[in-house]
Amino acid sequence: MNPDTIPECWRKTLQDDLESPEFRKLRNFVACEREASPVFPSPGDVFNALTMTPLRRVRVLILGQDPYHDDNQAHGLSFSVRRGVKIPPSLRNIYKELESDLRIPAATHGCLESWARQGVLLLNTVLTVRAHEPNSHRRQGWEEFTTQVIECVNELPSVAFVLWGKTAQQKATLINARHLLIQSSHPSPLSARRGFFGSRPFSQINDFLKSNDQPPIDWRVDQKSLQ
């Protein structure tokens, strides 16, 4: 977990936090965890959300909870898995809502990098997890770090913030009224029917972007390339 892998645009704005005693303590915690047992994602993938979506390009922030905790799933983007990995239930429900909202058929894979490259910051509130133990790295310092990331995004002119689940919704008070704020239950099978299904987040985001003279997000995941 090397903060030097974070792009310069993010490191400049997060410098005080990255150099703080609290962040050093967090790094030591994660290092000790990796010595004791597998931790996801791999060290080089922890900051992938920041790497793939530079601060100046953020137009949407989708906030999840903590990374997937099973083998080969987490790769540093919330809700995303690499090609060839079975699509997790939460992402399947996201695809169902996307099809209901914008008539985009469910993708054949779960890699959301095409979203990230368009300015969709796929962030979790916690960026690491012990293998097969969900929420095992909560309250170790990640929440404070991701709060700083959200506050950096909050300084941008107009961003759509999407908070899925109670953990993500705790960040709602950080968000300025000039932005779009979408909140609903988490897309997991346990809660998707309590407000996630039917919430139509994708069309809301694109309408907001267009109203602020920004191009909409192309939510198609299966397309071969993006211009």
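The first residue in the sequence is number 1, and the count goes up from there. The figures that follow rest on heavy atoms only: side chains count, while hydrogens, waters and symmetry mates do not. The model shown is predicted, which means the values in this text are computed figures rather than measured ones.
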Could you check whether Trp10 and Phe47 have their ring centres less than 6.0 Å apart?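 Ring centres of Trp10 and Phe47 not closer than 6.0 Å.
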Does the gap between the ring centers of Phe145 and Phe23 come in under 6.0 Å?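 Ring-ring flag for Phe145/Phe23: true, centres closer than 6.0 Å.
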Quick check: is [Y] connected to [X] through a chain of hydrophobic side chains (ILVMFWY, heavy atoms under 4.5 Å apart)?
{"X": "Ile6", "Y": "Leu127", "answer": "yes"}
{"X": "Tyr68", "Y": "Val129", "answer": "no"}
{"X": "Leu190", "Y": "Ile94", "answer": "no"}

Would you please test Gln148 and Glu151 for side-chain contact (heavy atoms from CB on, under 4.5 Å) and show each step? CA-CA 5 Å; Gln148 293 302 313; Glu151 289 183 341; 3.5 Å; yes
Donor-acceptor pair, [X] side chain versus [Y] backbone, under 3.5 Å?
{"X": "Asp101", "Y": "Phe202", "value": "yes"}
{"X": "Ser191", "Y": "His186", "value": "yes"}
{"X": "Asp66", "Y": "Val126", "value": "no"}
{"X": "Arg59", "Y": "Val120", "value": "no"}
{"X": "Glu97", "Y": "Ala192", "value": "no"}
{"X": "Asp222", "Y": "Thr108", "value": "yes"}
{"X": "Asn154", "Y": "Asn176", "value": "yes"}
{"X": "Arg220", "Y": "Ile104", "value": "no"}
{"X": "Gln183", "Y": "Trp164", "value": "no"}
{"X": "Ser185", "Y": "Phe196", "value": "yes"}

Parallel, tilted or perpendicular: which describes the rings of Phe40 and His132, with under 30° parallel and over 60° perpendicular? perpendicular
Does atom CZ of Arg193 have more than 12 heavy-atom neighbours from other groups under 6.0 Å away? no
More than 12 heavy atoms of other residues, nucleotides or ligands under 6.0 Å from CG of Asp16: is that the case? no
For [X] versus [Y], what's the shortest heavy-atom pair and its separation?
{"X": "Val81", "Y": "Lys86", "value": "CG2-O, 4.1 Å"}
{"X": "Ser136", "Y": "Glu133", "value": "OG-O, 2.7 Å"}
{"X": "Thr51", "Y": "Thr5", "value": "OG1-O, 3.6 Å"}
{"X": "Val85", "Y": "Asn72", "value": "CG2-O, 3.3 Å"}
{"X": "Leu209", "Y": "Val60", "value": "CD1-CG2, 4.3 Å"}
{"X": "Asn124", "Y": "Thr146", "value": "O-CG2, 3.2 Å"}

In Å, rounded to the nearest 0.5 Å, how long is the span from [atom1] of [X] to [atom2] of [Y]?
{"X": "Cys9", "Y": "Leu50", "atom1": "SG", "atom2": "CG", "answer": "8.5 Å"}
{"X": "Ile87", "Y": "Ser80", "atom1": "CD1", "atom2": "OG", "answer": "10.0 Å"}
{"X": "Thr128", "Y": "Leu26", "atom1": "OG1", "atom2": "CG", "answer": "6.5 Å"}
{"X": "Thr53", "Y": "Leu122", "atom1": "OG1", "atom2": "CG", "answer": "6.5 Å"}
{"X": "Leu91", "Y": "Ser188", "atom1": "CG", "atom2": "OG", "answer": "12.5 Å"}
{"X": "Lys12", "Y": "Cys152", "atom1": "NZ", "atom2": "SG", "answer": "12.0 Å"}

Quick check: do [X] and [Y] have side-chain heavy atoms less than 4.5 Å from each other?
{"X": "Arg130", "Y": "His137", "answer": "yes"}
{"X": "Glu113", "Y": "His75", "answer": "yes"}
{"X": "Leu55", "Y": "Leu156", "answer": "yes"}
{"X": "Lys96", "Y": "Asn93", "answer": "yes"}
{"X": "Ile175", "Y": "Leu163", "answer": "yes"}
{"X": "Trp142", "Y": "Val46", "answer": "yes"}
{"X": "Asn135", "Y": "His69", "answer": "no"}
{"X": "Pro187", "Y": "Phe79", "answer": "yes"}

Taking only residues at least two apart or on different chains, which pairs with a member in residues 34-44 satisfy side chain to side chain donor-acceptor pair (under 3.5 Å)?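 Sorted pair list: Ser42-Asp45.
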Under the side-chain contact (heavy atoms from CB on, under 4.5 Å) rule, what do Ser199 and Ile182 come out as? Steps first, then yes or no, please. CA-CA 9 Å; Ser199 60; Ile182 297 174; 5.7 Å; no
Val30 vs Arg27, side-chain contact (heavy atoms from CB on, under 4.5 Å): CA-CA, chis, key distance, verdict: CA-CA 5 Å; Val30 175; Arg27 290 183 65 185; over 6 Å; no
Any residue meeting side-chain contact (heavy atoms from CB on, under 4.5 Å) with Arg57, in chain and number order, not counting sequence neighbours: Pro54
Derivation of the side-chain contact (heavy atoms from CB on, under 4.5 Å) call for Lys171 and Glu143: CA-CA 10 Å; Lys171 307 288 189 177; Glu143 292 89 346; 4.2 Å; yes
Taking the basic N atoms (NZ, or NE/NH1/NH2) and the acidic carboxylate oxygens, is any pair closer than 4.0 Å for Lys25 and Glu22?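 No, this pair does not count.
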Run the side-chain hydrogen bond (donor to acceptor under 3.5 Å, both in side chains) check on Ser158 and Gln214 step by step: do they pass? CA-CA 9 Å; Ser158 55; Gln214 298 185 52; 2.9 Å; yes
With ring-ring contact (aromatic ring centres under 6.0 Å, His included) as the rule and sequence neighbours excluded, what pairs involving residues 166-185 come up? Phe161-His179
